Amino acid sequence: MPFTVEGTAIADRVEKPEFQVSYDEGRTWTTAKGVDGSRLSVKHPAEPGTG
């Protein structure tokens with residue numbers, strides 16, 4: 001999943017941003033790893049749908 005850092009984060013020179021993703025409308029959150037400074041590595045749940 002691609003991402004872009006914009007706004008004040010650029011001015012602050014964020015070197016290692018941290019990301020969290022939710023697959024159940026925000027009830028729980030899981031850490032997602034940044035890859036190559038431009039993509040996220042995420043593991044989608046096995047079952048389709050929104051929790």
Side-chain angles (χ1 to χ4, degrees):
M1 173 181 304
F3 70 87
T4 302
V5 178
E6 298 178 341
T8 59
I10 293 173
D12 292 339
R13 296 180 187 231
V14 175
E15 298 212 8
K16 257 189 152 176
E18 294 183 13
F19 302 92
Q20 292 194 334
V21 296
S22 175
Y23 300 106
D24 59 6
E25 299 178 0
R27 288 189 296 269
T28 60
W29 293 87
T30 303
T31 299
K33 289 186 174 187
V35 179
D36 299 332
S38 62
R39 295 179 293 127
L40 295 180
S41 175
V42 295
K43 183 175 182 179
H44 295 274
E47 296 296 318
T50 59

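The model shown is predicted, which means the values in this text are computed figures rather than measured ones.
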Under the side chain to side chain donor-acceptor pair (under 3.5 Å) test, which residues partner Thr30, sequence neighbours left out?
none
What about Tyr23 and Leu40, same hydrophobic cluster or not, with Ile/Leu/Val/Met/Phe/Trp/Tyr joined at side-chain heavy-atom distances under 4.5 Å?
yes
Looking at Thr31 and Gln20, would you say the former's side chain and the latter's main chain have a donor-acceptor pair under 3.5 Å?
no
Using a 4.5 Å cut-off on heavy atoms from C-beta on, say whether the side chain of Phe19 contacts that of Val42.
no
